[in-house]
2 protein chains.
Amino acid sequence: MPQGESGADARSARPTMKDVAALAGLSIKTVSRVVNGVSTVDPELATRVQDAARKLGYRPNLTASNLRRSDGRTLTIGMLVEDAANPFSAALMRAAEDIARSRGVLVLFGSLDEDPARERELVEALLDRRVDGLVMVPAGRDQSYLAAEQQAGTRMVFVDREPGLLGADAVVSDNRQGAITAVEHLLAHGHRRIGYLGDQITIPTAAQRFDGYQYALEYARLPLDPDLVRHDLHSTEAAEEAVEQLLALPEPPTALFTSQNLVTIAACRALRRLRKHQEVAMVGFDDFPLADILEPGISVIAQDADALGRIAAQVLFSRLDGDTSATRTMTVPTRLIPRGSGELTPRSVRA
Amino acid sequence: MPQGESGADARSARPTMKDVAALAGLSIKTVSRVVNGVSTVDPELATRVQDAARKLGYRPNLTASNLRRSDGRTLTIGMLVEDAANPFSAALMRAAEDIARSRGVLVLFGSLDEDPARERELVEALLDRRVDGLVMVPAGRDQSYLAAEQQAGTRMVFVDREPGLLGADAVVSDNRQGAITAVEHLLAHGHRRIGYLGDQITIPTAAQRFDGYQYALEYARLPLDPDLVRHDLHSTEAAEEAVEQLLALPEPPTALFTSQNLVTIAACRALRRLRKHQEVAMVGFDDFPLADILEPGISVIAQDADALGRIAAQVLFSRLDGDTSATRTMTVPTRLIPRGSGELTPRSVRA
DNA sequence: TCTCGTCCAGACAACGTTGTCTCGCCGTCG
DNA sequence: CGACGGCGAGACAACGTTGTCTGGACGAGA
């Protein structure tokens with residue numbers, strides 16, 4: 001059996017206010033008033049409208065309503081993240097969704113995969129649909145192309161990374177301080193040679209974390225050995241290889257600081273393959289599920305993705321509600337979760 | 001500095017075809033023709049329109065276009081999953097997003113949290129926005145309320161679970177066969193007492209997996225011991241407690257079959273706490289990240305979430321393209337991934 | 001030269017809804 | 001008894017766009 005009807009019939013099949021008005025023997029405008037809960041309608045007529053609407057299965061057409069309404073709200077916001085399938089992005093989306101839902105707003109989403117071109121494409125696609133606002137993790141480093149849109153009244157909030165060349169609200173983790181905490185934790189356990197494994201240094205968060213790493217070493221008056229630093233580990237394979245290379249050095253690191261989720265996991269895997277996971281200490285940036293039941297548990301600097309998404313959405317809605325105060329960047333603190341891997345000492349090397 | 005302008009100005013700030021037409025000294029309709037790439041426009045006038053559009057930063061208003069167009073397409077689909085933050089749901093969403101994007105379609109999403117009331121609310125919210133189609137993991141067991149919508153021409157495809165009381169396309173994993181494979185794998189390794197830990201039995205997939213468990217035991221002419229079966233483990237705590245209770249039985253199971261992601265992880269955690277993870281065999285339904293680097297690695301029946309999401313979206317678009325063949329359920333096979341936990345034998349008990 | 005057909009731009013209406021204005025009704029007050 | 005005010009319903013236009021139709025210009029063929 002075919003599913004539903006063909007295009008032409010489909011259109012006529014959905015009742016409009018006109019149909020409801022005809023059935024109730026009233027004008028379209030009165031139906032509109034009832035649907036929008038305007039109080040100046042005779043209660044008897046209102047029930048007549050409601051009965052007719054129920055009978056026909058009438059549902060308001062939000063796109064038409066949006067077109068005509070003076071506030072022009074679509075009750076829809078757009079959310080662009082790095083990759084909807086990645087746990088961090090997924091947590092951001094879910095948190096924003098919950099805030100949006102409490103206001104009857106739905107969320108359109110898109111994954112950018114760190115591609116600035118895709119960022120622009122998807123932003124345009126969202127704007128063409130006249131979303132009320134935008135929450136995004138920018139992929140590119142220049143969002144100045146959004147200035148006109150911002151001027152046109154579209155509200156936007158950046159999450160996880162601040163916008164480039166554009167004044168707008170942002171909600172970010174305290175990346176630099178988190179990295180400092182991680183490195184100081186390793187230093188406190190006696191490590192002096194601490195490797196850094198990070199994602200593309202062009203990503204602002206990666207740069208901030210690397211900055212924290214450098215600062216913590218400097219503060220401890222330790223030299224920064226370039227041999228222990230590896231950037232641009234965007235694939236799992238690259239990250240695993242980097243770990244192997246670091247540990248094959250004449251003077252290998254006794255501890256690792258991994259600046260991102262996937263890098264951390266890749267490092268775990270590599271250490272296990274080398275059977276050094278009980279020797280080489282490790283602290284990762286960003287928590288991940290099951291980090292606690294590995295052996296040893298993986299110590300991490302946890303970001304509060306929930307809070308990031310929630311606050312971003314809240315800021316967006318406060319802007320939509322008319323908050324015109326100065327734009328600002330809100331920083332959400334990170335938290336060190338010791339689970340074992342970060343508490344290994346250099347002495348535990350190959351007993 | 002305030003961000004953007006206030007509502008009233010915002011509206012006027014965005015140029016329309018009228019503005020472009022005025023600047024180009026042509027009629028609105030000609031602008032429309034150029035924007036839509038109609039060929040019967042004088043090339044010179046077309047470039048005049050394009051220049052004017054670029055100059056003003058004109059972007060078409062998709063909601064207005066949708067209202068007027070005969071096909072009524074919004075280039076937007078809706079996707080309802082269990083929880084956008086859950087890896088399985090997130091993978092479904094990402095896969096569907098990629099298919100949609102290749103056709104210039106964006107995705108509105110919502111999380112149902114197994115709540116049928118929320119399912120109806122969100123379906124309505126999506127329909128009010130006139131999405132072209134719906135991809136959903138149903139939360140309730142009765143989708144007959146969608147029949148009218150289906151008749152009105154809205155295409156819908158169900159993923160992971162078939163719809164109840166409604167004829168519609170569905171794309172599901174082979175849950176029963178997957179469960180049979182899991183149990184037979186444990187039987188082949190010598191287990192005779194195999195525990196079942198599952199989510200709410202009212203969820204169709206959980207029921208199908210339990211059915212497979214029962215069938216495999218029956219086929220092996222083994223009795224089904226009700227003491228070894230625990231349903232409705234919807235929280236991590238409940239699942240961990242169930243494991244402890246099962247292992248505290250006078251005749252504890254030597255192997256566990258966990259019928260869902262979160263239950264599997266909870267069971268891992270519980271076994272580790274009891275220090276029995278090297279003794280009690282386990283196969284889980286649904287793969288999860290890091291299952292391979294635990295010790296032992298967790299053997300799982302992997303679902304292909306990517307394929308589910310991708311195929312569902314493809315089916316939806318083929319319907320939108322006019323495919324009116326009979327609705328059908330497509331089954332995506334599962335795959336046993338042995339990693340260690342499923343290959344433990346009863347003999348390995350406390351050597 | 002006239003007719004006819006082709007080609008393309010614009011006038012007009014319409015999509016489903018809401019903002020604005022008008023108008024009729026009723027009750028009240030002078 | 002007439003004027004007035006308030007209330008509520010409907011007529012009309014408009015949001016930004018596209019489908020349909022008209023009409024003018026132009027070229028070709030008789």
Side-chain angles (χ1 to χ4, degrees), chain A residues 7-8 10-49 52-53 56-75 127-130 152-153, chain B residues 7-8 10-49 52-53 56-75 127-130 152-153:
Chain A
R11 208 185 171 79
S12 59
R14 199 169 268 123
T16 71
M17 282 193 175
K18 199 164 142 186
D19 302 315
V20 176
L23 183 60
L26 293 165
S27 78
I28 295 180
K29 183 70 227 210
T30 301
V31 176
S32 167
R33 276 192 269 256
V34 173
V35 168
N36 290 288
V38 174
S39 59
T40 64
V41 179
D42 186 315
E44 195 215 309
L45 300 189
T47 53
R48 239 163 77 197
V49 168
L56 295 175
Y58 172 77
R59 291 258 83 217
N61 182 330
L62 226 60
T63 68
S65 161
N66 159 247
L67 186 60
R68 189 60 182 84
R69 279 196 124 90
S70 48
D71 64 4
R73 292 288 162 83
T74 50
L75 294 180
L127 295 176
D128 289 353
R129 286 164 181 77
R130 296 296 185 268
Chain B
R11 207 183 172 79
S12 60
R14 200 169 268 123
T16 70
M17 282 192 175
K18 198 165 145 187
D19 303 315
V20 176
L23 182 61
L26 293 164
S27 78
I28 295 181
K29 183 70 225 210
T30 301
V31 175
S32 167
R33 276 191 268 257
V34 173
V35 168
N36 289 288
V38 174
S39 58
T40 65
V41 178
D42 186 316
E44 194 215 309
L45 300 190
T47 54
R48 238 162 79 197
V49 168
L56 294 175
Y58 171 77
R59 290 259 82 217
N61 182 331
L62 227 58
T63 69
S65 161
N66 160 246
L67 186 60
R68 190 61 182 86
R69 280 195 122 90
S70 48
D71 64 3
R73 292 287 162 81
T74 51
L75 295 180
L127 294 176
D128 289 354
R129 286 165 180 77
R130 297 293 184 268

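Please read all numbers here as calculations on a predicted model, not as lab measurements. A note on names: the letters A, B, ... follow the listed sequences, proteins ahead of strands, and every chain is numbered from 1.
Between B:Pro60 and B:Val35, the closest heavy-atom pair is CB-CG1, 4.5 Å. Of all heavy-atom pairs spanning A:Thr30 and A:Val41, the tightest one is CG2-CG1, 4.4 Å. Closest heavy-atom contact between A:Asp19 and A:Arg14: OD2-O, 4.3 Å.
Atom CZ of B:Arg130 is separated from atom CG of B:Asn66 by 9.0 Å, given to the nearest 0.5 angstrom. The distance from the CZ atom of A:Arg33 to the CG atom of A:Leu45 is 10.5 Å, given to the nearest 0.5 Å.
Atom CD in A:Glu44 sits roughly 10 Å away from atom P in D:dA9 (whole-Å rounding). When the C1' atom of C:dG16 is taken as reference, atom CG of A:Leu56 falls 15 Å away, rounded to whole Å. A straight line from CG of A:Asn66 to C1' of D:dC15 spans 9 Å, rounded to a whole angstrom.
For A:Thr30, no side-chain nitrogen or oxygen approaches OP1 or OP2 of D:dA9 to under 4.0 Å.
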Pairwise N/O distances under 3.5 Å, protein to nucleotides 4-8 of chain C:
none

Show each protein N/O and nucleotides 17-19 of chain C N/O combination with a separation under 3.5 Å, one pair to a line.
unit_1, atom_1, unit_2, atom_2, d
C:dT17, OP1, A:Tyr58, OH, 2.5
C:dT17, OP1, A:Asn61, N, 3.1
C:dT17, OP2, A:Met17, N, 2.7
C:dT18, OP1, A:Asn36, OD1, 3.2
C:dT18, OP1, A:Asn36, ND2, 2.9
C:dT18, OP2, A:Ser32, OG, 2.6
C:dT18, OP2, A:Asn36, ND2, 3.2
C:dT18, O2, A:Arg68, NE, 3.1
C:dT18, O2, A:Arg68, NH2, 3.4
C:dG19, N7, A:Lys29, NZ, 2.6

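Looking at heavy atoms from C-beta onward, B:Thr74 lies out of side-chain contact with B:Arg129 at the 4.5 angstrom threshold.
A:Asn36 contributes no side-chain N or O that, together with a main-chain N or O of A:Val38, makes up a donor-acceptor pair within less than 3.5 Å. A donor-acceptor pair under 3.5 Å is absent between the side-chain atoms of A:Arg59 and the main chain of B:Asp128, judged by distance alone.
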